[in-house]
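The structure's right below; bear with me while I get my questions together.
For this chain, numbers begin at 1 and follow the sequence in order.
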Amino acid sequence: SSSLPASCSSTAPSCASSSLPASCSSTAPSCTSSSLPASCSSTAPSSASSLSQATIASHPISLPSSQSSCSASATLTPSFTTIQSVSTDMNASSRSLNVYYCNARSILPKFDELSAINSLHSPDIICIVESWLSPDISDSELSLPGFSIFRRDRNRHGGGILVYVKSTLSPSIISYSSSSPIELLLLSVKPKHFSFTLAVFYRPPSSSHVLDTLQNVLESLPHSILLNLILLDDFNVDYTSPSPALNQINALSDLFSLDQIVSHPTHFSPSGSPSLIDLVLISPSFSPSSCNILPPISNSDHRSILFSLPVSPVSSPSSSSPYRRVWLYESADFSITSNFLSNIPWSSILSSSDVNSAWLTFKFTFLRIIHLTIPSKFVSSPPHPPWITRSFLSRIRKRNALFQRAKHSDSPLSWSVYRSFRNSTLTFL
């Protein structure tokens with residue numbers, strides 16, 4: 001998005017939005033929004049006052065194109081963004097690959113809890129149905145460090161699929177064609193010495209023919225893609241109650257030799273009996289070492305699922321922890337920042353009739369100036385947002401323990417204690 005000064009020798013990886021600036025020798029990791037500012041040591045730049053007026057004049061701002069690559073994807077079109085991160089894979093030494101699945105019923109207001117779940121359970125793959133996202137919500141609002149994001153959006157009122165896969169697993173979209181609308185994401189995932197296909201599917205309750213569409217899509221794929229298949233889905237069909245739709249699911253399982261591994265109810269509606277509608281179907285080549293039912297995310301009426309597969313994940317680049325940039329405002333010379341800002345032709349920059357294009361241009365221009373004039377350094381940080389505190393993680397652990405105790409005893413008192421603490425946790429959020 002911008003061109004920074006030259007003459008920099010560095011071993012740091014490049015950033016998604018800008019290259020390394022001048023006069024810096026560094027081994028610090030990159031960040032997702034920009035790379036290290038000018039005149040810096042291995043962890044922090046020198047004072048911004050070292051930037052002379054000649055430096056300012058000789059390095060004009062490069063503005064982004066009006067056709068930004070950040071434009072939203074169309075409805076029901078998968079989008080993919082890799083979130084760059086230098087982080088420790090908490091499962092690098094494990095021999096299992098952990099998969100977390102939930103029906104979120106709108107993930108955006110529950111994203112902080114999802115970050116806490118990621119910290120507590122360290123999944124390699126996170127699959128979410130009923131994401132309730134629309135294309136105007138950017139991937140950056142949903143990013144988790146070290147994960148690649150895959151989406152199939154419907155709108156903010158229902159449906160949709162969101163999948164996170166550790167970037168070290170080399171995930172990629174598998175394209176398919178369908179004559180009828182279907183909410184399905186197909187991904188290729190490649191752990192060590194192995195590869196498999198991950199399919200995440202959502203069937204709306206009112207869709208009568210979508211199971212036929214799912215079967216047609218899977219049958220159209222090369223046989224090699226289906227040899228190692230994991231199908232996660234909310235079929236909105238009770239697996240424990242005979243029905244024509246269940247017969248279709250069983251026929252689909254037989255056709256592709258899939259085993260269903262969830263054995264406890266996952267959906268609890270206030271007006272109905274518990275039902276098993278969230279399923280995990282896997283090829284015989286997998287032998288899951290565990291499959292656990294977890295509490296719902298936030299106030300969803302679906303319980304979550306966490307299962308492990310005996311597949312070794314690929315280790316991330318070695319590092320003690322992720323890094324984040326800290327701005328050293330107390331060391332900044334704001335007169336230089338002000339001089340930069342006053343010499344920008346804002347009227348021409350913001351003349352676009354497209355408000356989104358004008359905003360992107362303003363943002364990239366402003367951030368470019370900040371990176372040139374405000375010193376910063378990198379510090380290690382946990383793999384979750386700073387507002388996810390220890391006390392919050394402790395409450396999530398206690399909520400999970402109360403849920404397991406209530407599930408084991410199935411007594412009204414235990415369920416009442418769990419629900420009371422769950423509601424107080426939501427208030428705490």
**Prompt:** Between the side chains of S304 and Y100, does any donor sit under 3.5 Å from an acceptor?
**Reply:**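 A donor-acceptor contact under 3.5 Å links the two side chains.
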**Asked** Between S138 and S140, does any side-chain donor sit less than 3.5 Å from a side-chain acceptor?
**Response** yes
**Item:** N118 CG to I126 CD1 distance, which is reported to the nearest 0.5 Å
**Value:** 4.5 Å
**Item:** Taking every non-hydrogen atom, the tightest pair across K407 and I293
**Value:** CE-O, 3.9 Å
**Request:** Check the angle between the aromatic planes of F403 and W415 and answer parallel, tilted or perpendicular using the 30° and 60° thresholds.
**Result:**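 It falls in the perpendicular class, over 60°.
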**Exercise: identify the closest heavy-atom pair between L218 and L226** =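 What the structure gives for the nearest pair is O-CD1, 3.3 Å.
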**Asked** With distance as the sole test, does Q260 use its side chain to make a donor-acceptor pair with the main-chain N or O of V262 at under 3.5 Å?
**Response**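 Side chain of Q260 to backbone of V262: a pair is present.
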**Asked** Is it true that the NZ or CZ of R152 lies under 6.0 Å from the centre of F201's six-membered ring and within 45 degrees of the ring axis?
**Response** no
**Heavy-atom pair with the smallest gap, counting every atom of V217 and S178** =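 So the minimum-distance heavy-atom pair works out to CG2-CB, 3.9 Å.
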**Request:** Return the minimal non-hydrogen interatomic distance between G159 and Y202, and the atom names on each side.
**Result:**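 Reported closest heavy-atom pair: CA-CE2, 4.0 Å.
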**Asked** Only one of L198, I225, L187 clears side chain to side chain contact (heavy atoms under 4.5 Å, CB included) with I174; which?
**Response**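 The passing option is I225.
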**Asked** Rounded to the nearest 0.5 Å, how far apart are OH of Y164 and CG of L114?
**Response** 5.5 Å
**Prompt:** Is there a salt bridge (charged side-chain N to carboxylate O under 4.0 Å, His left out) between R151 and D139 once you walk through the steps?
**Reply:** CA-CA 9 Å; R151 294 166 54 175; D139 287 348; 2.7 Å; yes
**Message:** So, using side chain to side chain donor-acceptor pair (under 3.5 Å) as the criterion, who are the partners of R105 when residues are at least two apart?
**Reply:** none
**Request:** Measure from the side-chain N and O atoms of T373 to the backbone N and O of I369, and report whether any donor-acceptor pair falls under 3.5 Å.
**Result:**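 Yes; at least one donor-acceptor contact below 3.5 Å.
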**Asked** Atom CD1 of I396 and atom CD of E113: how far apart are they, to the nearest 0.5 Å?
**Response** 4.5 Å
**Asked** Which pair of non-hydrogen atoms, one from S298 and one from R399, has the smallest distance, and what is that distance?
**Response** N-NH1, 4.2 Å
**Prompt:** With no hydrogens and no angle check, is any side-chain donor or acceptor of S420 less than 3.5 Å from a backbone partner on V417?
**Reply:** no
**Prompt:** When you measure from the side chain of T266 to the backbone N and O of D278, does any donor-acceptor pair fall under 3.5 Å?
**Reply:** yes
**Asked** With distance as the sole test, does D124 use its side chain to make a donor-acceptor pair with the main-chain N or O of K166 at under 3.5 Å?
**Response**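 No; judged by distance alone, with no hydrogens or angles, the pair does not exist.
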**Message:** Counting C-beta onward and ignoring hydrogens, is there a side-chain heavy-atom pair between R422 and L402 closer than 4.5 Å?
**Reply:**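 No - every pair of side-chain heavy atoms lies 4.5 Å or more apart.
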**Message:** Less than 4.5 Å apart, side chain to side chain, heavy atoms only: is that true for L169 and L97?
**Reply:** yes
**Request:** Starting from the C-alpha separation in whole Å, work towards a yes-or-no answer on side-chain contact (heavy atoms from CB on, under 4.5 Å) for W346 and L341.
**Result:** CA-CA 9 Å; W346 293 110; L341 293 171; 3.8 Å; yes
**Request:** List in chain and number order the residues that pass ring-ring contact (aromatic ring centres under 6.0 Å, His included) with F196, two or more places apart in sequence or in another chain; answer none if no residue qualifies.
**Result:**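 F196: ring-ring contact (aromatic ring centres under 6.0 Å, His included) contacts with F286.
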**Atom pair CG (L133) and CD1 (I128), whose distance is rounded to the nearest 0.5 Å** =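 Between L133 CG and I128 CD1, I get 8.5 Å after rounding to 0.5 Å.
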**By ring-ring contact (aromatic ring centres under 6.0 Å, His included) - contacts of F366 (at least two apart)** = F362
**Prompt:** Quick one: do the D153 and S134 side chains pair a donor with an acceptor below 3.5 Å?
**Reply:**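 Absent: no donor and acceptor within the cut-off.
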**Request:** Provide the closest heavy-atom pair for N98 versus S308 in the form atom of the first, atom of the second, distance.
**Result:**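 Taking every non-hydrogen atom into account, OD1-OG, 2.6 Å.
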**Request:** Evaluate the side-chain proximity of D238 to L276: yes if any heavy-atom separation is below 4.5 Å, no if none is.
**Result:** yes
